[in-house]
Amino acid sequence: MAEPNLRLKRAREALPSLSAPGEPASRQDVADLVNAWIFKQYGRESALTANYIGKLERGIVRWPGCDYREALRAICHVDHDKDLGFQRPRRDKLAATVTEVDRKGFIRTALGVAASVPLAELALPRPANVPAVVNTADIIELRKLAGVFSTWDHTYGGGLVREAVAAQLRYSVSLLEHAHCPTPLRGDLYAAVGWLGQVSASMAFDANAHDDARKMFGLALTCAEEASDWHLRAKVLSSMARQAIWCGDADSGLTLVEFALVRADRLTPAERAMLLTGRARALAKLGRVAETLETVGLADDQFARISPSDEAPWMRYYDAAQHSGDTGHALYDLAMHGRFIGEASTRLANAVAGHGPAYVRSRAISGIKLASLTMATGDPEEAAAIGGRAVTDAGTVRSSRAHDDMRELSRLARSHQRHTPVAELRHRIETVVDR
């Protein structure tokens, strides 16, 4: 049973009621004060409710989002979170605990995915150029290849060289199957193959080859588990969650993220921020508004702690633009229902402005989402201008996901095509997605 937060309750009862003179403030009074304070300070709408205040007082939630904490400190006239009984959660309690002994078996059973893909499914029948013994240089070469392919994926999309990457992955798996690997190098070899599997799976996902992506993600997860590489495991599970959400299964996506957050104390701030934005996306799809906002706040907190030099190679992409885009995408689903439009638009716009030439696909996708949101809730001609720039970016990459997003933008623009810029945008989209 959660321990009640008596400090917060006493702080609330010390405030005067907004509607009943002489009475202490109700939970709804405090929620209204917090929402008003956040709007005054930051111009952002928030959705704190009396029910959420109740969860805080009952100790069900011990660490609200940063905006809520700041507002509550100001309203209650205290200087520190601890004065209101708030305690930062231990990261190993962000999800259910899994014992070290049965961790692999538990994940394979609970996820119900290809978390134990037989290596033989992807291996070649001992190619002639597979070495008899794996050495350090082989592992370094695999890492370099994964890095090159990952860079190519971010810049040009997953469709162009996906088959070449898949062939390299099959060769790499054959190293595990047919070559002798000295015991001290086995963990490094599995991690290198797992990273290449992650890259190959991401390319398949981007190309809407979802069955291939699931198999390759399963292989990558198997390798991460064999290597006991918590960082790679987090990245793979995050990608698997995003694929599930993209395919309309937000509940499974949320489950995958929660598994990834087991023993999150072992992860870096960028990895935790990445996973929390995935959780926020799933929660938004499920319509859980307050939890979405809280999780975005937790992700913001983690992002503020990032030290790029401490991150693994596959996390170097997670900069301010990426974080803005990921959180903006989470808020997009709320904004399309009329909630937090300004905040979602600002974050997506920051992503578009921040992504450089190496991340054209991400810039295109965030731009298309921003155009779609503006088309649905704002000025259609402004949306057409935003969309035109995004379509230019999207035309330089091979990304089925970007094409799907452009089709959604075109659908949203249909009712506004009496405006010449909107009609021109729809024509450009048709040209890009049909070629």
Just by distance, do the side chain of Asp404 and the backbone of Arg401 share a donor-acceptor pair under 3.5 Å? no
Less than 4.5 Å apart, side chain to side chain, heavy atoms only: is that true for Leu293 and Phe340? yes
Taking C-beta and beyond as the side chain, do Ser202 and Phe217 meet within less than 4.5 Å on heavy atoms? yes
With heavy-atom distances below 4.5 Å as the criterion, would you say the side chains of Tyr190 and Ser228 are in contact? no
Qualifying ring pair (Phe, Tyr, Trp, His ring centres under 6.0 Å) pairs with a residue from residues 277-298, counting only residues at least two apart or across chains: none
Side chain to side chain contact (heavy atoms under 4.5 Å, CB included) with Arg426: of His416, Arg411, Arg414, only one passes, and it is Arg414
Identify whether the distance between the nearest side-chain nitrogen and carboxylate oxygen of Arg62 and Asp81 falls below 4.0 Å. no
For the atom pair CG (Leu72) and CG (Leu33), what is the distance rounded to the nearest 0.5 Å? 9.5 Å
For Thr295, what residues pass the side chain to side chain contact (heavy atoms under 4.5 Å, CB included) criterion, not counting sequence neighbours? Leu276, Arg279, Ala280, Leu283
Minimal non-hydrogen separation, Arg272 against Leu267, with atom names: NH1-O, 2.7 Å
Take a 6.0 Å sphere around CZ of Arg407 and say whether it holds more than 12 heavy atoms from other residues, nucleotides or ligands. yes
Partner of Tyr68 under ring-ring contact (aromatic ring centres under 6.0 Å, His included), picked from Tyr52, Trp37, Phe86, is Tyr52
Atom pair CG (Leu196) and CG (Leu219), whose distance is rounded to the nearest 0.5 Å: 9.0 Å
To the nearest 0.5 Å, what is the distance between CD1 (Ile368) and CG (Leu373)? 14.0 Å
Examine distances only and state if a side-chain atom of Arg389 and a backbone atom of Gly367 form a donor-acceptor pair shorter than 3.5 Å. no
Residue set satisfying side-chain hydrogen bond (donor to acceptor under 3.5 Å, both in side chains) with Ser239, at least two apart, ordered chain then number -> Gln198
From Leu254 CG over to Ile245 CD1, what is the distance, rounded to the nearest 0.5 angstrom? 8.0 Å
Please collect all salt bridge (charged side-chain N to carboxylate O under 4.0 Å, His left out) contacts where either partner lies in residues 286-295, sequence neighbours excluded, each pair once. Arg288-Glu291
With heavy-atom distances below 4.5 Å as the criterion, would you say the side chains of Val134 and His180 are in contact? no
Measure the CG-CZ distance between Leu56 and Arg7 for me, rounded to the nearest 0.5 Å. 15.0 Å
Without swapping roles, check the side chain of His337 against the backbone of Asp333 for a donor-acceptor pair under 3.5 Å. yes
Partners passing side-chain hydrogen bond (donor to acceptor under 3.5 Å, both in side chains) against His210 (at least two apart in sequence or in another chain): Asn208, Gln243
The reported gap from CD1 in Ile38 to CD in Glu343 (rounded to nearest 0.5 angstrom) is 10.5 Å
Given side chains that start at C-beta, do those of Ser400 and Asp206 come closer than 4.5 Å, heavy atoms only? no
Once side-chain hydrogen bond (donor to acceptor under 3.5 Å, both in side chains) is applied, do any residues pair with Thr377, and if so which ones, sequence neighbours excluded? none
Under a 4.0 Å N-O cut-off, is there an ion pair linking Asp326 with Arg242? yes
Residues pairing under salt bridge (charged side-chain N to carboxylate O under 4.0 Å, His left out) where one sits in residues 188-202, two or more places apart or in two chains, turn out to be Arg143-Asp188
Side-chain donor/acceptor of Asn35 to backbone N/O of Ala31, under 3.5 Å: yes
Examine distances only and state if a side-chain atom of Thr431 and a backbone atom of His427 form a donor-acceptor pair shorter than 3.5 Å. yes
Hey, does the side chain of Arg186 reach the backbone of Cys181 with a donor-acceptor pair shorter than 3.5 angstrom? no
Please list all pairs passing the salt bridge (charged side-chain N to carboxylate O under 4.0 Å, His left out) test where one or both residues lie in residues 196-205, with sequence neighbours left out. none
So do the side chains of Thr392 and Arg428 get within less than 4.5 Å of each other, counting heavy atoms only? yes
Walk me through it: do Trp63 and Arg69 pass the test side-chain contact (heavy atoms from CB on, under 4.5 Å)? CA-CA 8 Å; Trp63 189 249; Arg69 298 197 313 275; 3.3 Å; yes
Main chain of Met274, side chain of Thr277: is a donor-acceptor contact present, judged purely on distance under 3.5 Å? yes
Applying side chain to side chain contact (heavy atoms under 4.5 Å, CB included) to Val352 and not counting sequence neighbours gives Arg363, Ser366
Who pairs with His323 by side-chain hydrogen bond (donor to acceptor under 3.5 Å, both in side chains), at least two apart in sequence or on another chain? Asp300, Tyr318
Using modelled atom types and a 3.5 Å cut-off, is there a donor and acceptor pairing between side-chain atoms of Thr346 and backbone atoms of Gly342? yes
Look at atom CD of Gln41 and say whether more than 12 heavy atoms of other residues, nucleotides or ligands are closer to it than 6.0 Å. yes
Would you say the side-chain atoms of Glu271 and Thr268 include a donor-acceptor pair closer than 3.5 Å? yes
Check this for me: does any side-chain nitrogen of one of Arg263 and Asp265 sit under 4.0 Å from a carboxylate oxygen of the other? yes
Main-chain N/O of Met406 paired to Ser410 side chain as donor or acceptor, under 3.5 Å: no
Under 3.5 Å donor-acceptor, His329 side chain and Gly325 backbone: yes
Got a salt bridge between Glu311 and Arg316, using NZ or NE/NH1/NH2 to carboxylate O under 4.0 Å? no
Can you name the residues that form a side chain to side chain contact (heavy atoms under 4.5 Å, CB included) with Thr136, not counting sequence neighbours? Ile140, Leu185
Assess, by modelled atom type and distance only, whether the side chains of Ser324 and Arg347 contain a donor and an acceptor separated by less than 3.5 Å. no
Hey, are the side chains of Arg12 and Leu8 touching, using non-hydrogen atoms and a 4.5 Å cut-off? no
Residues Ser399 and Arg361: side-chain donor-acceptor under 3.5 angstrom: no
Heavy-atom closest pair, residues Gly388 and Leu425: N-CD1, 3.7 Å
How would you list, by chain and number, every residue that makes a side chain to side chain contact (heavy atoms under 4.5 Å, CB included) with Asp319, sequence neighbours excluded? Ala321, Gln322
Taking the side chain as every heavy atom from C-beta outward, state whether Leu189 and Leu142 have any pair of such atoms under 4.5 Å apart. yes
Out of Asp405, Thr374, Leu409, which one pairs with Lys369 under the side chain to side chain contact (heavy atoms under 4.5 Å, CB included) rule? Asp405
